There are 2 protein chains.
Amino acid sequence: MLDTPNVDRFDVDRRARRRESTRREILDAAWEVARESGLTGVTLRDVAERVGMRAPSLYSHFESKHAIYDAMFGEAWADYERVVRVEGAGAPDDLRGAAHAMSRTFFDFAVADHARYQLMNERVVPGFEPSAESYAPAVRVLEATYAVAAERGLADPDDLTILLAIIGGLVAQHLANDPDGDRYERLLPRAVDIWADGIGLPRTTPEKDPA
Amino acid sequence: MLDTPNVDRFDVDRRARRRESTRREILDAAWEVARESGLTGVTLRDVAERVGMRAPSLYSHFESKHAIYDAMFGEAWADYERVVRVEGAGAPDDLRGAAHAMSRTFFDFAVADHARYQLMNERVVPGFEPSAESYAPAVRVLEATYAVAAERGLADPDDLTILLAIIGGLVAQHLANDPDGDRYERLLPRAVDIWADGIGLPRTTPEKDPA
DNA sequence: GTCTATACTGTGATAGAC
DNA sequence: GTCTATCACAGTATAGAC
């Protein structure tokens, strides 16, 4: 007795795939609710209803509400990582130009989905802290950003930290004070240039020959 | 009948004072809970218990939980306004020096009480928006800041907006990533100098004679 | 006006039947 | 896996004691 049941590999695959797709549906519904009702406006009952379930059934797929937030967090940063990889490919060789491109990319991504940005970068959900696994893409993006800057001749990594604070500060002001306007978006190029001037980068695209 | 009851002005005063002091006790308790359990960790039952009441009794003094947050919001900005007035009195005459002093003041005030900063400057409480009355001191502080900068020769007010974003960005990073450390505090002077250099302010305290 | 008791609705979460 | 039932806890509305 206690023999291996008659379940071949195909059944296991199918079951795993089905389970994955249910998780996907739940996450899609959660994103939908977050965009409509705000990040903290997400309720399990609302999410469950959109996938044709009762709230407790969600616990078959996620350990808790925070686990759903956690999966969303990882997804958001993975999405941003993809965007950075695509747009970063065509980034200018000079540090100032790269800073402009990077800040634009970040600002646009941030502003496109307020709830997503709050989840990624602000501490809006009371008890939530991302797991190491979900945090990984965020770390990768940051490390890649520092590497890109170093390649383009950034002397002090602290200066990049400051640039990131500048951009984050403008995004925060935008979301808090002028979410539908362009008051802070307009300041973005100026802010980046102030930073570039402030750390002594050359004004225009530098020529290749040093002599 | 229906004569004016025998209540003189003293009784009215005393009652008003008693009412005010009860409000004070409630607000103090609310601040206490906010510092201990986080801003969103404040519950009416917890606040009520600390002032020796039941939760519904708070409604005799505040219309709602948001009304308590609103009073706290106004109080926090009024406190900061007071700090700015005191420390601003001894502010340097040059714009760079004033920027350094101002950013220090703001950063220290922000970091001293995380819950207070979240209430003042981040959108952490789901449905809460400050009333016009509570918002007033915040507006006054901002206007005064722009005035101080203009007096010291700031050419473009947008540049001050950018400075404020820089400081706010550093505070946000501090609170999110290194609340007990000094990783971002250390960057503050450098960030302000980058800004000052970037908008073309002289390096040292300028001398009065232009020739 | 101030406070309490009670209760209503909605939340995340758990237990157990099917 | 999904359900129903239920729990503990939240904010808050209401009625009534004082």
Side-chain angles (χ1 to χ4, degrees), chain A residues 5 7 11-27 29-30 33-34 36-73 119 124-129, chain B residues 4-27 29-30 33-34 36-72 119 124-129:
Chain A
V7 175
D11 266 19
V12 174
D13 277 9
R14 215 177 44 131
R15 217 168 281 175
R17 258 186 292 124
R18 172 126 170 66
R19 198 181 155 72
E20 241 334 289
S21 90
T22 306
R23 276 179 64 102
R24 256 267 54 81
E25 279 182 56
I26 292 170
L27 288 177
V33 178
E36 286 177 23
S37 313
L39 185 64
T40 55
V42 174
T43 73
L44 294 184
R45 283 164 175 81
D46 198 347
V47 172
E49 195 183 4
R50 298 191 192 216
V51 297
M53 279 183 184
R54 303 291 173 181
S57 304
L58 297 178
Y59 284 82
S60 301
H61 302 273
F62 291 93
E63 268 196 340
S64 67
K65 190 185 184 185
H66 278 15
I68 297 180
Y69 280 131
D70 194 57
M72 295 167 79
F73 180 94
L119 180 59
V124 175
V125 181
F128 172 69
E129 281 198 67
Chain B
T4 316
N6 189 15
V7 175
D8 61 10
R9 202 178 307 146
F10 300 111
D11 266 18
V12 175
D13 278 7
R14 213 177 43 126
R15 217 169 281 177
R17 258 185 294 124
R18 169 125 167 69
R19 194 181 159 71
E20 242 332 290
S21 87
T22 305
R23 276 179 63 101
R24 258 265 55 82
E25 280 181 57
I26 292 170
L27 288 177
V33 178
E36 286 177 21
S37 313
L39 186 63
T40 55
V42 174
T43 73
L44 295 183
R45 284 165 175 83
D46 198 348
V47 172
E49 195 183 4
R50 298 191 192 218
V51 297
M53 279 182 184
R54 305 289 172 182
S57 305
L58 297 176
Y59 284 82
S60 300
H61 303 274
F62 292 93
E63 268 196 342
S64 66
K65 190 185 185 184
H66 278 14
I68 297 181
Y69 279 131
D70 194 58
M72 294 167 78
L119 179 59
V124 176
V125 181
F128 172 69
E129 281 197 68

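Note that the structure is predicted; figures quoted are calculated from it, not measured. Chain letters run A, B, ... following the sequence lines, proteins first and then strands; every chain starts at 1.
OP1 or OP2 of C:dG1 has not a single side-chain nitrogen or oxygen of B:H61 nearer than 4.0 Å. Within the structure, every side-chain polar atom (N or O) of B:R15 is placed at least 4.0 Å from both OP1 and OP2 of C:dG1. Listed pair B:S57 / C:dT4 meets the phosphate criterion, a side-chain N or O lying under 4.0 Å from OP1 or OP2. Within the structure, every side-chain polar atom (N or O) of B:H66 is placed at least 4.0 Å from both OP1 and OP2 of D:dT12.
Smallest separation of non-hydrogen atoms from A:V33 and A:G41: CG1-O, 4.2 Å. Closest approach of B:F62 to B:I68, counting heavy atoms only: CG-CG1, 3.5 Å.
Mapping B:L58 and A:K65 onto DNA chain C by nearest heavy atom places B:L58 at the nucleotide closer to the 5' end.
We find that CG of B:D46 is positioned 8 Å from P of D:dA10, with the value rounded to whole Å. Atom-to-atom, CZ of B:R23 to C1' of C:dT2 comes out at 15 Å; the value is rounded to the nearest Å. Between A:I68 atom CD1 and C:dA13 atom P there is a gap of 9 Å when expressed in whole angstrom units. Atom pair B:E49:CD and C:dC3:P shows a separation of 16 Å (rounding to whole Å applied). Atom pair B:I26:CD1 and C:dG1:P shows a separation of 15 Å (rounding to whole Å applied). For the pair B:R18 CZ and C:dG1 C1', the interatomic distance rounds to 11 Å; values are reported in whole Å. Separating the OH atom of B:Y59 from the P atom of D:dT14 is a distance of 12 Å, rounded to the nearest angstrom. Rounding to whole angstrom units, CZ of residue A:R54 and P of C:dA13 are separated by 19 Å.
A:V51 comes within contact range of no nucleotide atom at all, as no heavy-atom separation falls under 4.0 Å. In this structure, A:R45 reaches the bases: a heavy-atom distance under 4.0 Å links it to at least one base atom across the strands shown. The residue A:S64 sits close only to the backbone: its heavy atoms come under 4.0 Å of sugar-phosphate atoms, none of a base. As judged by a 4.0 angstrom heavy-atom cut-off over every strand, A:T43 is placed among residues touching the sugar-phosphate backbone only.
Side-chain proximity of A:L44 to C:dG12, C:dT4, D:dG11: nearest is C:dG12. With C:dA13, D:dT12, D:dT2 as the choices, the nucleotide that has an atom nearest any side-chain atom of B:P56 turns out to be D:dT12. Closest to the side chain of B:T22, from the set D:dT12, C:dG12, C:dC3, is C:dC3. Nearest to the side-chain atoms of A:S60 among the listed nucleotides D:dC3, D:dG1, D:dT12 stands D:dG1. Considering only the side chain of B:R19, C:dG1 comes nearest among D:dG1, C:dC3, C:dG1.
No more than 12 heavy atoms of other residues, nucleotides or ligands lie within 6.0 Å of CZ in A:R54, so this atom counts as exposed by the packing criterion. Annotation: A:E36, atom CD; neighbour count of heavy atoms from other residues, nucleotides and ligands within 6.0 Å is above 12.
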request  = Output, in order, the C-alpha distance, side-chain angles, deciding distance and verdict of side-chain contact (heavy atoms from CB on, under 4.5 Å) for A:K65 and A:F128.
outcome  = CA-CA 9 Å; A:K65 190 185 184 185; A:F128 172 69; over 6 Å; no
- Item | salt bridge (Lys or Arg N to Asp or Glu O under 4.0 Å) between A:R50 and A:D46, intermediate numbers included | CA-CA 7 Å; A:R50 298 191 192 216; A:D46 198 347; 3.2 Å; yes
